[in-house]
Amino acid sequence: MSRQLSPILMLSLLGLCVSCRQPSPSAKGTVSPPSVAATPVQYPSPIIGKTYRSRGVVKIINLKEGWIEIDHEDIPGLMPAMEMEFWVKEKSLLNAVRVGDYVDFGVVETGKGEYLTEIKKSPTVP
């Protein structure tokens with residue numbers, strides 16, 4: 001019985017060796033290096049308490065909770081252009097604008113997030 005196991009065992013080991021072997025580059029075609037994702041624009045660490053200014057269009061106003069969503073241009077030194085929500089320091093700031101308005105605004109980085117501290121309708125449309 002040991003003579004019958006030996007060829008079976010050898011064939012099994014041979015099969016494992018062949019299946020675990022990595023294919024050569026010529027077997028699969030040209031091997032290209034892994035693609036490198038583009039790195040995002042690096043912004044410096046924000047200065048706590050500094051007002052950063054930008055402009056954008058108002059998408060949502062939530063007066064009850066005290067936040068506004070703005071599709072904004074780059075905020076130089078703080079963040080790239082995007083659509084995001086900003087909490088406001090004073091809910092009364094939200095009374096000056098409506099959804100769809102182009103606005104100029106200022107946000108302050110507090111270390112816990114950005115808070116909108118000023119907002120007004122933009123005199124010019126981008």
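V103 and M84 fall within a single hydrophobic cluster, where Ile, Leu, Val, Met, Phe, Trp and Tyr side chains are chained together by heavy-atom contacts under 4.5 Å. Both L116 and V99 are members of a single hydrophobic cluster when ILVMFWY side chains are connected at heavy-atom separations under 4.5 Å.
Under the rule for a salt bridge (charged side-chain N to carboxylate O under 4.0 Å, His left out), R98 has no partner lying at least two apart in sequence or in another chain. Take V57 and apply the side-chain contact (heavy atoms from CB on, under 4.5 Å) test, not counting sequence neighbours, and it matches K59, D71, Y102. Residues that satisfy the side-chain hydrogen bond (donor to acceptor under 3.5 Å, both in side chains) test with W67, not counting sequence neighbours, are E65.
Looking at K50 and V108, their side chains never come closer than 4.5 Å, going by heavy atoms from C-beta outward. Under the 4.5 Å side-chain criterion, counting only non-hydrogen atoms from C-beta, E114 is in contact with M79. The shortest distance between side-chain heavy atoms of V107 and T117 does not fall below 4.5 Å.
A donor-acceptor contact shorter than 3.5 Å is absent between the side chain of K89 and the backbone of Y115. Distance alone, capped at 3.5 Å, is enough to place a donor-acceptor pair between the E109 side chain and the G111 backbone. With hydrogens and angles disregarded, a donor-acceptor distance shorter than 3.5 Å links the side chain of Y52 to the backbone of I47.
Atom CG of D74 and atom CE of M82 lie 9.0 Å apart (nearest 0.5 Å). Taking CD of E83 as the reference point, atom CD1 of I70 lies at 10.0 Å (rounded to 0.5 Å).
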Would you sort out whether I68 and I60 count as a side chain to side chain contact (heavy atoms under 4.5 Å, CB included), showing the intermediate values?
-> CA-CA 6 Å; I68 185 169; I60 300 172; over 6 Å; no
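For the pair P123 and D104, the tightest heavy-atom approach, listed with the atom from each and the gap, is CD-OD2, 3.6 Å. Residues G106 and T51 come closest through the heavy atom pair CA-CG2, 4.0 Å. Between K121 and A96, the closest heavy-atom pair is CE-O, 3.8 Å.
Between H72 and F105, the ring-plane angle classifies as perpendicular under the 30° and 60° cut-offs.
If you run side chain to side chain contact (heavy atoms under 4.5 Å, CB included) between I119 and each of L94, L93, D101, only L93 comes through.
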